[in-house]
Each structure stands twice: as structure tokens, then as C-alpha cells.
Amino acid sequence: MKPRIVRAIAAVTFREFWRSPDAVFWTYGFPLLMALVLGYAFQTPSPQPLPVAVVASAEAEAIVARLQRDPRLRPEVLAADAADRSLARGRTALLVRPTAQGPVLRSDPTRPDAELARLLVERALRPAGAESQPALVGEVEDRPGSRYIDFLIPGLIGLNLLGAGMWGIGFNLVHLRTQRLLRRLVVTPMRPREFLLGFLLGRGVLVVPEAIAIALFGALVWGVPFRGSLLAFALLVLAGGFAFMGLGCLLAARPRTIEAIAGLTNLCQLPMWLLGGVFFSNERFDGALQWLVEAVPLTHLNGALRDVMLEPAGLIDVAAPLGGLVAFGALCFVLAVRWFRWT
Amino acid sequence: MTADAAAPPAIELRGLRKVYRRGGKQTVAVDGLDLTVRRGEVFGLLGPNGAGKTTTVEICEGLLAPDAGEVRILGRQWGRGDDQSLRQRLGVCLQETKFHDKATVRETLQLFAAFYPGGRSVDEALALVSLQEKATARQAALSGGQRQRLAVATALLGRPELLFLDEPTTGLDPQSRRQLWEVVRRFQREGGTVVLTTHYMDEAQQLCDRIAIVDHGTVIARGTPAELIRSLGAEHFLHLDLEPAAARELLAAGDLERLPEVQALQADGGRVVLTVASIHRVLPAVLDLLTGRGVVLRDLATRHATLEDVFVHLTGRHLRDEGAA
Ligand SMILES: Nc1ncnc2c1ncn2[C@@H]1O[C@H](COP(=O)(O)OP(=O)(O)OP(=O)(O)O)[C@@H](O)[C@H]1O
Ligand SMILES: [Mg+2]
């Protein structure tokens, strides 16, 4: 391994990337935008009132009046068929049909807000004397470190590292192959591992600043905390970047067409998006699915990033995922060097 | 010279064979090719499109693996360990080379310079192919000829012992071509060996010490340009442009063919081409014959035989025919 060659490859790779403003934007600007948009979308946990349809009848006005006392409900009077349609389309969470025997509540219990609406409506329509139980006080969880945005930001950092490796490395290596640029390089005294390492460094130097930018962005805009070790964070980002870049190299080792690498990348990336715990917690699956969750490197990266950002975790606390990611990356890299195709 | 004689030849190919398989279809690109390139010579591979020149050269460069046959480059074989030290001694200019689009000429050369410690400096390489003015231009902003010169410069950076040039002058203007020939000659004077492929007869004739004519994946003739032309048996052509009706009569009588110096005759209406060993002996006889028969001579030209004629003689086709394979 000659450092001079690795450095030269890294330099030309970095320049190639840095001089393509669109590539820089989609690799590094777009994730920041995504963090911004998603952050705003999930920022206010103030729940919307639940729509409830009351079928038009003599008692309808009285029922609506009682339901309106609870601010979490938004009752409206509808004709019988309009109310049915509204329920079928999911525009209303619950349908109240006044009958001679008292109101009938109709809903689809598989819809998430149906049960909540039923509970609230039942309570609102309870006969006056029945409210003897002690009133329970509700609290909204909105302390920094426990909100959805706090969960999301570390996940986005992990997701970004995944994208940088899979697309930045995998896709571009195959691109160089289809462009027949690799053919010229392989007839020089350069070794495959020198090339791949240089390429990885050239594309990867920006992963740490990028991760720091997302974390800083979260902290400044939403007050996402950073409670753990900065060193552990930096090492995690490097290890995660290495793991996914190694995977990118491995996927790109053989394909000769852009279509093939795009397919392979999606095949690997989709399960990670779904199971890696980026947008929602992946700790509640069961059986084989949970086993799969554990097999996905992104799970461990995201978990460790959350430990370091949201809890006062240090290097020791994340040593296991750190080592695992480095080992995974190294394995991929070695296999990629062995199987790499130049023409 | 004596030291070189003891060293193994620059290239030795024995029974080389390469078959491309694509979706059940087989193309025999190289079919039992034998070749020896001596140290210090400029060796030309000449042949029509699809003859197998690039395939042969890329096998020599270690870029392709042959299906059969023996390959020795500077006495070494590919894949027997430490290919890197062999690559250190080779310079390669592929038929079609892509570099990084956004890299400048200088940056591209810097990259290749990193591969060859003790090689030429970037500035020296730039000067060699006269690209100094374009040093800061990006790859994408270069003309086809400038890209080709850059490709040659990267091949020369490592001061190779053996230089492969696959159609190095295709797409160059005449001045750049001659300049590149000068680069090749200088490289040879400094002791280097060159293998080049070309479609240009004049290039092969002027630049190459020895030539192999390749067709359908095998060598069909080899030797110095002079030897190959001499092998035709007659080195000159006499072109006559006659009045068609008179020409038909003359040819029917067969008098022209019977002249002692004429080896072959081709006719197309009034245009007649005689293959002759020496112009000065045949010309008076031809003129006498024409005057005697009262045939009007509209034009007359003579031409020295070229490698193209050798190829036509061997295959009945022209080198530059498209789809000859
Ligand atoms: N990658 C490939 N896959 C399939 N067939 C190929 C491939 N490369 C070359 N061939 C075929 O092999 C034969 C020899 O090709 P080659 O490129 O060696 O010819 P060449 O003499 O260099 O021609 P040219 O003068 O056009 O460069 C041709 O018939 C060509 O179609
Ligand atoms: Mg060719």
C-alpha cells in the first residue's frame, strides 16, 4: 500500500465530486433540507381534534352540544348516507347514530384514532352522575431529548451516511467502470486496494462535517440536545461511513451497468430504511423481523448515535456497535478488493 | 546491442486465441496468433477493423486474459505474481481512453505521475506532447486530438521500456501526427520498444521497423515494410486512362498483358492498371504499343507499391473497408 498513490486517487476523486455542484447538493445539501422539512412536519405535538359525525336526527343537536365540551372532539351533523361515506373515506373517526335506545357508536377499530374517539365520545355522553372517579391529569411530553425531532435527527445522520456510501461510492464506481475509466487505471502499477481506499477517502472526507452540520442544525433550530461524548460521536460517524462505503464498494465490485447497481443498492437500502430505525423506533417488532432488525448495520449505528446524542453515553458505551461497524466495513472492503472487476 | 541480444524479446506470443462470448454468440477475435517483438524496435500491427489488433494488444497489456496461448512480456508472464513490477515497465495508450471529466490536464498527469516514482515530471510530459497551453483546461474542454495527446503523455510518464500505442494518431491533424511520430522516434532512440496499431499505411511505412499484417485474428504477413512490398514481386503500378472503345479492343487482343515486364493487369472501362517490376523498362514498350494501335492515351500516372497493395494482394480486400470481418 503506497500512501502516495492513495492520496493521488483521493485527490482526483474529491475534486471530481467537489466540482459537480449538483452532486454536492444532492449528497450533502438535500439531507439538511430533509431534516428541516421533516422536523417542521413533526415539530408540534398538539394533536388535531378528532372528527366525529353525528347522524342528523331530533337528538343530534343535543349530542353535538355535549361532544363540543371536549376540545379534543370536532363533531358535525351529517345526513345518514353522507355520514357513512365520511366514515368509509376516513374523514371521520367515529359515527354517532342516535336511536330510541340511546346513541350507537360505529367505527373501524383498525384505524388508529377510532378507539381514542370512542373513549372520548363515551365519556362525553356518560350520564351526568357517573363522573365520580378522580380526574386524571395529562401531561404532554415536550422536553428536549424526548420529542420526535430528537429521535429523528440522529436517524437522519445515520441515513445520510448510508446514502453517502451506497450512492456516493457504489453508484459512482460502476459509473467509472461503464465510462471505461477503470481500464486505463488498472494497467498502471496501482493496486486495487490502493484505488478503492483512495476512492473511499476522496468521497468520504465530507461525512464528518456533514454529520456535525446536521447535529448542529438540529441543536440550533429545535434545541436537539447533545449529551454524550463528542469523540464517540465522531468515531461513530467515521465507522458508520466506513461500513456503508465498504458495502458500496462490495455492491459495485461486479456490476457492469448502472441499472444493476441501482437495483442492488435499492435491494440493500430498502430494508435499512424500513428496519434501521430512522423514522420510527424499530425496537417493537417481534420474531424473525426483530432478528432482521438486529442484522441491519444501520440499526446499531442509529442506536449508538441516539445514545451519544440523547444520553450521556461515552466511548465505552458505544464500543460494541463501533467495533461491529468497523468489522463489517472491513469485511466488505476485503471482499470488494478480491472481487473487483475493472473492465 | 550485445547485452540486448541476451535479454528476452520484448514480446513473445505463441498460439494466442481469444473468443468473446456474448449472449450465446461467439466471436473469435484472435485465432492462433504468433508474434515476436524485439527490443528496441517499433513494431506495427496493421489490419482492417475487427482484425483483432486491440484484443491482441490488450492481452499483452494484461487487461484481457487469453483463452489459449502463451504470452511473455519482457520475459515475464501475467498472473505469476507481482504484476505490478511488470506494469511499472510498461506504458499504455488505449484505443479509447477516458480520464476524469473535471480534472485538468495537469491534474490528470499528476495522478499518473504518482504511479511511477522516478518517472518524468509533469512539465516534461506536457512539453513532450505540446500541451503546455492546455495545462489548466479540464478534460471535458479538450478536443479529440488534445485528449489523444494527453493519453500518450500519460503512457510516457513512467519512462517505460515498452510502449503500447493503440491507434495513437487516429483523429489527429497532420501536424500533430508528425509530432507524435517524432515522439515515438525519440522514445526509440532512447532505447524504448514500441508496439503500435494503425490504419494508416504511411504511418506504418515511415515509423515501423517491422510490421505484422493481421486479418481475422491471425498474422497473414510479416516483415519490414520494404520486405513486404518486395514480396509483391512488382513494386510499381502504371495507371493508364484510355479511350474506352479502343481500350476494349486492345484488352481483347491481350497485347498489353503479353509485354514482358507486366505482372498483372486490372481494367475498368478505359482505366487500366499494370503491375510492373520497373517503370523505366515497361513504359517505352507500352507507349509504342498504344501508338501502333492508334489508341489515344488521355492520362498516365505511376505509383510505388504500398502496404495497402500488399494487403489487397493477400486478401483481395482493402484495409479501410468497413465491416471487413
Ligand atoms: N468486448 C467485446 N465483446 C464482443 N466482441 C468483441 C469485443 N471486443 C471486440 N470484439 C470483437 O472482436 C473482434 C476483434 O476486435 P478488435 O477490437 O480486437 O479489432 P481491431 O483490430 O482493434 O479493430 P479496429 O481497427 O476497429 O480497432 C471484432 O470482431 C469485434 O467485434
Ligand atoms: Mg482496435
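Note that this is a predicted model, so its numbers are computed, not measured. Lettering follows sequence order; numbering is per chain, from 1.
Scanning both residues, A/V12 and B/A103, for their nearest heavy atoms gives CG2-CB, 4.1 Å. When all heavy atoms are compared, the tightest approach of B/R87 to A/V187 is NH1-CA, 3.7 Å.
Of the atoms belonging to B/T108, not a single heavy atom falls under 4.5 Å from chain A. Neither the backbone nor the side chain of B/F164 has a heavy atom closer than 4.5 Å to any heavy atom of chain A. Proximity to chain A (any heavy atom under 4.5 Å) is shown, for B/D101, by both the backbone and the side chain. Only the side chain of B/L94 has a heavy atom closer than 4.5 Å to any heavy atom of chain A. Both the backbone and the side chain of A/T188 come within contact range of chain B, with heavy atoms under 4.5 Å apart.
The number of heavy atoms from other shown groups lying within 6.0 Å of CZ (A/R4) is above 12. Within a 6.0 Å radius of NZ in B/K18, more than 12 heavy atoms belonging to other residues, nucleotides or ligands are found. Heavy atoms from other residues, nucleotides or ligands lying under 6.0 Å from CZ of B/R21 number more than 12. The neighbour count for A/W342 CH2, taken as heavy atoms of other residues, nucleotides or ligands under 6.0 Å away, is above 12. Remark: B/E133 CD is loosely packed, at most 12 non-hydrogen atoms of other residues, nucleotides or ligands lying under 6.0 Å away. The environment of CZ in A/R338 is sparse: at most 12 heavy-atom neighbours from other residues, nucleotides or ligands sit within 6.0 Å.
Taking CG from A/L181 and OG1 from B/T97, the interatomic distance works out to 9.5 Å, rounded to the nearest 0.5 Å. The line from NE2 of B/H100 to OG1 of A/T13 is 5.0 Å long, rounded to the nearest 0.5 Å.
Side-chain N or O atoms of A/R184 include none that pairs as donor or acceptor with a backbone N or O of B/A151 at under 3.5 Å. A donor-acceptor distance shorter than 3.5 angstrom exists from the side chain of B/Q84 to the backbone of A/M190, with no hydrogens or angles considered.
By number of non-hydrogen pairs under 4.5 angstrom with chain A, the leading residue of B/Q88, B/R89, B/E61, B/E107 is B/E107. Heavy-atom pairs under 4.5 Å with chain B peak, among A/R7, A/K2, A/Q179, at A/Q179.
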Show your working on side-chain contact (heavy atoms from CB on, under 4.5 Å) between B/L111 and A/L185 and close with a plain yes or no.
CA-CA 10 Å; B/L111 171 67; A/L185 293 178; 4.2 Å; yes
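Looking only at side-chain heavy atoms (C-beta outward), B/F115 and A/I9 come within less than 4.5 Å of each other.
Under the 4.0 Å criterion applied to side-chain N and carboxylate O atoms, B/R138 and A/E16 are not assigned as salt-bridge partners. Here B/E96 does not pair with A/R183 in a salt bridge; the nearest charged N to carboxylate O distance is not below 4.0 Å.
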